[in-house]
Amino acid sequence: MTKRVVVASGYFNPLHYGHVSYLEKARDLGTSLIVIVNNDFQAAKHRPGGMKLPARERVKLVRSLQCVDAAVEAIDDDESVAETLRLLHPDIFANGGGTKPTELEIKVCAQLGIQMVDGLGIQLLSLTPYTQHYDWGKPRNASIIAALTGQQSPEHDPQDDSKPFAELWMGDHPSGPARVESPSNEKAMKKKSPICRAASLQEVMHRSPSMLGQLSESKQLPFLLKVLSIHKALSIQAHPDKQRAAKLHAEKPDIYKDANHKPEIAIALSDDFQALCGFRAVTEILEMLQHVPELATLMGGAVQQLEAAAGDEEKESEALRQGYSNVMHSSEDELKNQVQALHDRAKMVVMKDDLHKKIKDCFRLVCMLYEQYGVDVGIFSVFFMNYVCMGVGECLYMAQNVPHAYISGDIVECMACSDNVVRGGLTPKFKDVDVLCEMLNYKGGPPATLEPVELEKGILLYSDPDIQEFQVTHLSIPEGGSQRRLFSSEGPAMALNLCGEGTVTISGETQEVTPGKVFMLAAGTEPELRAKKEMQIFVACCPPEYFRSPCPSPSPTWTIRKW
């Protein structure tokens with residue numbers, strides 16, 4: 001085994017867990033670790049009157065750590081450890097998250113061929129999430145996105161209402177990477193941290209991969225956390241499986257931005273969250289057809305095929321495929337005539353009292369979608385797909401190849417890190433109808449929903465064994481209360497404080513947490529969260545099984561609830 005000597009440095013006064021984490025990660029870079037402890041002369045210049053222990057005591061403390069093979073006092077008389085480095089001549093010089101090498105240290109490392117590694121020991125990054133202004137988002141002063149990012153104002157220009165606030169992205173996807181505000185605290189910024197204020201999260205993770213734990217080799221987050229604020233319906237869409245995603249990305253990289261699949265969950269933040277998700281049971285679709293002759297006309301012979309297939313799952317799937325494809329491939333003239341007739345019928349039906357609520361709800365939805373999109377084939381998906389209304393905390397699960405469309409409300413969304421969407425209607429964007437109809441899962445039945453598991457009072461876990469890349473924890477911390485929690489020992493965690501005020505403390509260092517605060521925790525970090533006003537925090541991370549094996553066993557802490 002090739003010996004690789006690592007050198008780390010610092011004042012270590014007081015010595016705290018953050019230092020230990022930094023030194024442990026430095027030790028992992030090689031076969032032995034030597035720590036340079038800044039001397040008393042340097043300490044006096046660095047913090048006049050502020051050092052509590054002399055260098056000889058600090059050396060003894062550092063030397064006692066299990067991860068440290070040797071500790072020495074610096075021989076330098078400036079703020080660097082350049083001359084001590086020259087004397088030791090290690091293979092690697094490792095720096096922590098709050099400091100960067102001085103010019104003299106950089107010069108010595110270049111002269112002696114010493115590899116430099118920055119950013120070790122970073123435990124928390126404050127982030128500015130990426131805001132998406134899609135057409136379906138809510139106006140500025142009605143959007144939770146603008147509220148979380150501090151962009152609501154009663155004095156704003158009314159013309160700004162034309163700029164919707166739709167999504168908040170908290171991750172490293174290249175289509176909308178979060179940006180780093182600072183490293184673990186503002187003091188580090190004043191000490192010329194290697195983490196640049198405005199650096200993208202991607203850049204920081206490539207420069208300081210140690211904070212990613214077992215993801216340090218890939219230097220990527222497998223998940224993406226979002227908040228959505230929905231004013232009008234999103235497109236009829238589905239997300240491809242990995243094999244198809246790779247094929248679509250290779251063929252149309254300008255449309256399909258990556259080669260990953262995109263299972264996702266949506267947790268309602270408001271009681272008006274509405275969505276279409278998955279095909280209805282065939283018996284329900286046949287019931288709908290009795291009240292929607294326009295749909296029957298567009299389906300053509302597939303109506304009889306569907307009736308004949310009832311009760312045979314394989315034949316139902318094929319008939320449903322044929323019927324939905326017929327509708328989605330309708331000619332422009334035929335579609336215009338049938339949508340107009342459907343809208344006319346819907347306006348009359350919603351006034352009647354003798355129809356089942358489920359049927360009337362569908363016709364109300366037709367009226368709303370017609371007002372938003374006019375003549376659009378996506379309107380007929382109302383009768384094919386399950387219509388779901390959810391309250392705060394309820395969660396919908398969209399697996400690969402499952403058709404869906406969000407209609408209204410505010411949600412926290414988490415997904416595998418991808419932006420692949422195959423659209424078929426209710427959008428001015430590119431519609432890939434052939435691909436959509438080919439890829440969909442045509443198995444009818446109720447939509448999949450996740451019921452959170454209460455790990456302890458105030459802590460809910462949203463997880464599913466079919467989702468390997470992510471799980472979401474929701475913490476409710478009452479005023480004056482606190483929670484100390486390790487979200488992942490193997491990988492990083494992404495956190496959003498939805499509302500309330502408080503603090504986050506890590507290794508004795510405390511930051512204020514205000515509404516909309518987004519921060520990423522390094523692997524193995526156990527923060528203490530304390531609420532001054534009741535806080536609602538959502539935290540996404542990889543489930544433990546993600547790091548165990550390619551085929552993780554089901555988790556004992558989940559349940560699936562069907563509507």
Can you tell me if [X] and [Y] form a side-chain donor-acceptor pair at under 3.5 Å?
X	Y	answer
Asp135	His231	no
Gln305	Glu307	no
Ser218	Gln220	no
Tyr387	Gln274	yes
Glu294	His343	no
Asp258	Ser418	yes
Thr128	Glu181	yes
Gln511	Lys517	yes

Determine, stepwise, if the pair Val422 / His239 fulfils side chain to side chain contact (heavy atoms under 4.5 Å, CB included).
CA-CA 6 Å; Val422 182; His239 307 304; over 6 Å; no
Which distance, rounded to the nearest 0.5 Å, do you find between the CD of Gln152 and the CD1 of Ile145?
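It is 10.5 Å, given to the nearest 0.5 Å.
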Give the ring-plane orientation class for His173 versus Trp169, where under 30° counts as parallel, over 60° as perpendicular and anything between as tilted.
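Rings of His173 and Trp169: perpendicular, over 60°.
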Hey, can you tell me if Tyr324 and Phe384 have their rings parallel, tilted or perpendicular (30° and 60° cut-offs)?
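Correct class here is perpendicular.
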Report, as yes or no, whether the 6.0 Å neighbourhood of atom CD on Glu526 holds more than 12 heavy atoms from other residues, nucleotides or ligands.
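Counting neighbours around CD of Glu526, more than 12 heavy atoms of other residues, nucleotides or ligands fall under 6.0 Å, so yes.
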Within 6.0 angstrom of Lys232 NZ, more than 12 heavy atoms from elsewhere:
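Yes - once you tally the heavy atoms of other residues, nucleotides and ligands closer than 6.0 Å, there are more than 12.
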Centroid-to-centroid, Phe165 to His133, below 6.0 Å?
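Centroid separation for Phe165 and His133: below 6.0 Å.
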Are the ring centres of His249 and Tyr256 closer than 6.0 Å?
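No; Tyr256 has its ring centre 6.0 Å or more from that of His249.
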Does this structure show an ion pair linking Asp28 with Lys25, if we count only N-O contacts that are shorter than 4.0 Å?
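No, no charged N to carboxylate O under 4.0 Å.
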Do Lys358 and Glu287 meet the salt-bridge criterion of a basic N to acidic O distance under 4.0 Å?
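Answer for the salt bridge query: yes.
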N/O donor-acceptor pair under 3.5 Å between Asp410 side chain and Ser270 backbone
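Side chain of Asp410 to backbone of Ser270: no pair is present.
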